[in-house]
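Before any comments, here is the structure.
The analysis underlying the following values was restricted to heavy atoms, covering all of them including side chains, and did not include hydrogens, waters or symmetry mates. Chain letters run A, B, ... following the sequence lines, proteins first, then strands; residues in each count from 1.
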Amino acid sequence: MLAWKKWGEGVTPQSSGKKGDHLVGDFYVKFDKEYKAEINTIIQEKLADYPLLKDVRDFKATLSGLKNKKKTKEGLNEQEIAQLKACEELSKYAENSAPLILEARDMLLKWEAKDEEVYSDWKMMNQWVYEGFDVSYKKLGVDFDKIYYESDTYTVGRDMVLEGIEKGVFYRKEDGSVWCDLSDVGLDEKLLLRKDGTSVYMTQDIGTAKLRFDDFDVDKMVYVVGNEQDYHFQVLSLLLDKIGFKWGKGLVHFSYGMVELPQGKMKSREGTVVDADDLVDEMVNTAREMSQQLGKLEGYTTEEAEEVYQMIALGALKYFILKVDPKKNMVFNPEESIDFNGNTGPFIQYTHARIQSIFRKAAEKGIHVGTEAPTHVEVGEKENNLIRTIANFPNAVAEAGKVFSPAIIANFVYDLAKEYNQFYHDCPILFEEDEDKRMMRLTLCKTVGKTIKNAMWLLGIDVPDKM
RNA sequence: GGUCCGAUAGCUCAGCUGGAUAGAGCAACAGCCUUCUAAGCUGUAGGUCCUAGGUUCGAAUCCUAGUCGGAUCACCA
């Protein structure tokens, strides 16, 4: 917001034609860049004040060099330890005295005091972001039952922290900041309110937690947040427990791994991210090209076909993410675009489309497929495998729920599709001459189709009838 | 340094509540469309399941130690 005020020259999503979240993201990156530049300037200026660092030319390299050496076996000698300390002191000083951060803090104070100008600007920019998000969420088929805004919950959190002081579970330092001592459980002290009285992330989460438990009569709450915040949620759970909420200890932090690029982590502050909107658009294009090349959607109107391309693109993307164990970090290479063959969403969607095609053909021949298969029909190996796999669906779902892993369902449905394709390849279905056998196979197809559809639905992926 | 997580084929990942020859996909190579959709199917090649100990009739799976990689330990969110 500060960056926008300083350098934005009043640009808006409308005037720039950019999605609101992207526009604000650009300023986020801009702020980080300028802030870092200021820090560097200050460090260069102040370097002379540190006798220990007078020989240092490249501050960054020295600091990271010392840090890395600290991790090695030989460690640091006394002089180096002192140097490292001086480096850390200096960078902390620089981080806290850069004009930009001071301005930003001032702005936050004004914001919490509901200063008119700051507050209305903030509201406007917030709106831009939410509108941008809404577009993306809608495209992805994501919706929310209820949204809590930190801006509405931080006061609740602050009141609870103040209450906590009265109860004696938190305490105030001389400078006015509020802390909780967690050394009894082997952790550090945790800041809950800054000395200027403004709230921090943790304060807001305490407030949000209370509101959520008040609003919904639940006995368990699952926080789906990345594993970089493991510590945060461990502390949150302890704090809520200390404040006296019986559900404090029962918080479930569903901690998922990060998606990394081949070059390393994505950082929104540095702008090294893959944009979901672009990614989806690209994949829709791939799906369209591929489909038109194969001529699979003849007889569909343009609108119908576009719907299918969208379905395939989203299926590919969602499946790609969901098939790996959510706890693990994963690597995504945007250069190698997401595959549509093999263990992918489109492969499974394709299997479903194939099955539906059989039923279209069956209907032409006037064959009605019920839900009951004829008994006393000989069942071959492929059919047997299929039946066994389908029978395992409830277990897979239960297990996935138990361990919070959509990947289990994804792997299940991939196995099923793979086995079905083998069966499809080896066994005649409509061409089968034995009527009972044919009906048994058709019933099997029907069940497989339904199971695929259900499993994919659990993953939030639609399946087409033709592709 | 403390805490936590990870390491399986060239690459991306399954398998991990102990059980038979460790599996997929991609990439490579060789096949299969006058039959229900070839976005499919079949085959070949590719592995010290990070290392060393231990528990066990049996370990990729459990335990201990180590190596490497990541996260975190902010008056950031």
Original post:
OP1, OP2 of B:C11 versus side-chain N and O of A:N333: anything below 4.0 Å?
Top reply: no
Subject >> Any A:K296 side-chain N or O less than 4.0 Å from OP1/OP2 of B:A39 >> reply: yes
Original post:
B:A39 phosphate, OP1 or OP2: any side-chain N/O from A:Y350 under 4.0 angstrom?
Top reply: yes
Original post:
What base-paired stems does RNA chain B take part in, with at least 3 consecutive Watson-Crick or G-U wobble pairs and both distances under 3.5 Å?
Top reply: B:1-7 with B:67-73, B:10-13 with B:23-26, B:28-32 with B:40-44, B:50-54 with B:62-66
**OP:** May I ask you to check whether A:R288 and A:N285 show a side-chain donor-acceptor distance below 3.5 Å?
**Re:** yes
Subject >> Selection from B:C13, B:C36, B:G25 that lies nearest to any side-chain heavy atom of A:Y414 >> reply: B:G25
Subject >> A:W179 side-chain proximity, nearest of B:C36, B:C75, B:G25 >> reply: B:C75
Original post:
Salt-bridged, A:E270 to A:K36, with N to O below 4.0 Å?
Top reply: yes
Original post:
Quick one: CG on A:N421 to OG1 on A:T351, what's the gap to the nearest 0.5 Å?
Top reply: 4.0 Å
Original post:
Is the distance from OP1 or OP2 of B:G40 to the nearest side-chain N or O of A:Q422 less than 4.0 Å?
Top reply: no
N/O-N/O pairs, protein side and nucleotides 7-9 of chain B side, under 3.5 Å:
residue, atom, partner, partner atom, Å
B:A7, OP1, A:K328, NZ, 3.2

Subject >> B:A77 phosphate, OP1 or OP2, under 4.0 Å from A:R194 side-chain N/O >> reply: yes
Original post:
Under 4.0 Å between a side-chain N or O of A:R441 and OP1 or OP2 of B:C36?
Top reply: no
Original post:
Under 4.0 Å between a side-chain N/O of A:R354 and OP1 or OP2 of B:A38, yes or no?
Top reply: yes
**OP:** Just compare B:C36, B:C4, B:A77 and give me whichever is closest to any side-chain atom of A:Q229.
**Re:** B:A77
Original post:
Does a distance-only test, which skips hydrogens and angles, find a donor-acceptor pair under 3.5 Å between the side chain of A:D175 and the base of B:C75?
Top reply: yes
Subject >> Which nucleotide in B:A39, B:A77, B:A14 has an atom nearest any side-chain atom of A:N411 >> reply: B:A14
Original post:
Is the backbone of A:L102 close enough, under 3.5 Å, to the side chain of A:D106 for a donor and an acceptor to pair up by distance?
Top reply: no
**OP:** Output the single nucleotide from B:C75, B:A77, B:A74 whose closest atom is nearest the side chain of A:D188.
**Re:** B:A74
Original post:
Quick one: which of B:C36, B:A39, B:A77 gets closest to the side chain of A:M467?
Top reply: B:A39
**OP:** When you get a sec, tell me which of B:G25, B:U37, B:C73 is the closest nucleotide to the side chain of A:Y231?
**Re:** B:C73
**OP:** Could you pull out the closest heavy-atom pair between A:D465 and A:R360, with the gap in Å?
**Re:** O-NH1, 3.1 Å
**OP:** With rounding to the nearest 0.5 Å, note down the distance linking CG in A:L322 to CD1 in A:I409.
**Re:** 9.5 Å
Subject >> Modelled atom types, side-chain donor and acceptor of A:T389 and A:E419, under 3.5 Å >> reply: yes
Original post:
Does NZ or CZ of A:R269 come closer than 6.0 Å to the centre of the six-membered ring of A:Y35, within 45° of the ring's axis?
Top reply: no
**OP:** Check whether any side-chain nitrogen or oxygen of A:K418 sits under 4.0 Å from OP1 or OP2 of B:G25, and answer yes or no.
**Re:** yes
Original post:
Strictly under 6.0 Å, is that where the ring centroids of A:F133 and A:F144 end up?
Top reply: no
Original post:
Can you find a side chain N or O atom of A:R360 that sits less than 4.0 Å from OP1 or OP2 on B:C36?
Top reply: no
**OP:** Could you tell me the separation between the CG atom of A:N341 and the C1' atom of B:G40, rounded to a whole number of Å?
**Re:** 9 Å
Original post:
What residue among A:Y420, A:F320, A:Y414 forms ring pair (Phe, Tyr, Trp, His ring centres under 6.0 Å) with A:F347?
Top reply: A:Y414
**OP:** Would you mind classifying the nucleic acid contact of A:S291 as base, sugar-phosphate or nothing, using non-hydrogen atoms under 4.0 angstrom?
**Re:** base
